[in-house]
There are 2 protein chains.
Amino acid sequence: MMYFSAQSNARDVKPAKSAATFNALKRDIMLGVLPAGASLTELDLAAYFSCSQGTVREALLQLQEEGLVRRQGHRGTQVSECTEAEAVEMFRVRQQVECSGILRALQMPSRTLIADLKTLFEKMLGAAAAGDELELASLDRDFHRRLFQDAQLPALDPILHRCLVHNHRFKISRSTSPRDLVATAQRHASIIDAVEAGDVGRSCDALRHHIATIVDLGPDVFPDVRQ
Amino acid sequence: MMYFSAQSNARDVKPAKSAATFNALKRDIMLGVLPAGASLTELDLAAYFSCSQGTVREALLQLQEEGLVRRQGHRGTQVSECTEAEAVEMFRVRQQVECSGILRALQMPSRTLIADLKTLFEKMLGAAAAGDELELASLDRDFHRRLFQDAQLPALDPILHRCLVHNHRFKISRSTSPRDLVATAQRHASIIDAVEAGDVGRSCDALRHHIATIVDLGPDVFPDVRQ
DNA sequence: CGTCCGATTATTGATATTGATATCGATAAC
DNA sequence: GTTATCGATATCAATATCAATAATCGGACG
């Protein structure tokens, strides 16, 4: 007999019901099950997810914060578009923000940085081996945000997160066939190596190259990177 | 006798009650009345603004989306910090995003762009003359976002808005004395001139210089701009 | 046949109430 | 004296209900 809750996973301190709605919608939008432009009404979602309108609204507000939906008062909520032009600009923002971040992070990295990155790297390899592209993207966000966390620029984190979500959505929308997810995960190794070595220049270069080569956007987007 | 509502101000098409709470809190945070780190509890705010907890929550979620507060489940809501390092990085993001934006905008500007910018410019001069630094900042956001609107990159707009809000908050926090607001407003004239002339290169340069010289952050932040 | 006005409906906005969770201090056991 | 447990309080989360608003459709009128 068990007198204690089996679900006391220390991870995921957010067992909220709105989170379940949020995650389900996010998944469907990221995978294209809900196409851009699709209308979402609060009461329909509430009925579908067996929760109240307020809970749905909270989930929709979070989705809006990640740029996945667009809410207009009294005119409904629509799934946002995901264009290449926007993806390009977000990749550029990422390059700028993440490279500035790694410069700051390496000046005083937290003691667990390397270990945390390696743990996430292992999980990414696992997700890639399992063919779970969505989980791989989520772990990739965790990886880049963990690295940026040591930059001590918390106000920039939501911006970075937004770019990461849009980039992943764009990448998944472009993946016609089962890509080589393992190679995608493996691409983080050089970043970890450079950070572990404490080499600021090499870390910045590795990160810059990593971001520039996530998807092939043509030679004009990142002129300084030869792919 | 009045047969029509006197409050039918065409402006502010969002007469929502949560907006009033949002605006009041935003004002107090921007002006430093609510200092960084201050705790905000939903029920206290609901009592103060004579509305319900849900309404307050909606306002707080909007504030979080603008980066003015930080919400932690069951641990309250705190006013966020506003550091110089973050402001610097956000200025850099702005330079990147707005300059890319103006390049796209000038390829197919909407017919009302120039007129809209000039209208906002006049309003900025008015707010500056009235000494209303907060209104001037709000109009400055409208100006830059109107310009960016023609870039057709809607997913980037929330990022730009967030940077603008943080930059304005930082600038106001730094303004010890009544600054020369008129000069600040006047600084937008050269951008309008270049855009009206349709000169892409000059527009981009004007915008880049404008952003780099909003506040004096030292020579290392924007090395390519001689102030 | 087209246009304007009004009722209908769909949708979000607001409120009050109840429930869940975390934090902190007091108390008792060791 | 230290630690562990329990309970009180503060706070957020969720639900149900009602109100306000905007889009839509159809008929009357010109």
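Note that the structure is a prediction, hence the values are computed from the model and not measured. Lettering follows sequence order; numbering is per chain, from 1.
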In whole Å, what is the span from the [atom1] atom of [X] to the [atom2] atom of [N]?
X	N	atom1	atom2	result
B:Gln78	C:dT23	CD	P	12 Å
B:Arg70	D:dC12	CZ	C1'	16 Å
B:Gln62	C:dA14	CD	C1'	14 Å
B:Phe22	C:dG13	CZ	C1'	16 Å
B:Gln72	D:dA13	CD	C1'	16 Å
B:Gln53	C:dT18	CD	P	14 Å
A:Glu42	C:dT9	CD	C1'	16 Å
A:Asp44	C:dT9	CG	P	17 Å

Inset, instruction - Please figure out whether B:Thr41 or B:Gly54 has its closest DNA chain D nucleotide nearer the 5' end. - result: B:Thr41
Short side-chain N/O contact to [N] OP1/OP2 from [X], under 4.0 Å:
X	N	answer
B:Arg57	C:dG13	no
B:Thr55	C:dG13	no
B:Lys17	D:dA20	no

Salt bridge flag under 4.0 Å for residues [X] and [Y]:
X	Y	result
B:Glu196	B:Lys118	yes
A:Glu42	A:Arg71	yes
B:Glu133	B:Lys171	no
B:Lys26	B:Glu66	yes
A:Arg57	B:Glu58	yes
B:Lys123	B:Glu135	no

Inset, instruction - Measure from the side-chain heavy atoms of A:Ser52 and tell me the nearest of D:dA13, D:dT15, C:dA16. - result: D:dT15
Inset, instruction - Consider the side chain of B:Thr77, meaning its heavy atoms from C-beta on, and name the nucleotide among D:dA13, D:dC12, C:dG13 that approaches it most closely. - result: D:dC12
Output a table of nitrogen or oxygen pairs between the protein and nucleotides 23-25 of chain D separated by less than 3.5 Å.
none

Legend entry - Sugar-phosphate only, base, or nothing, as touched by B:Leu40 at under 4.0 Å among non-hydrogen atoms: sugar-phosphate
Legend entry - Test item: side-chain donor near acceptor, A:Arg27 and A:Ser138, under 3.5 Å: no
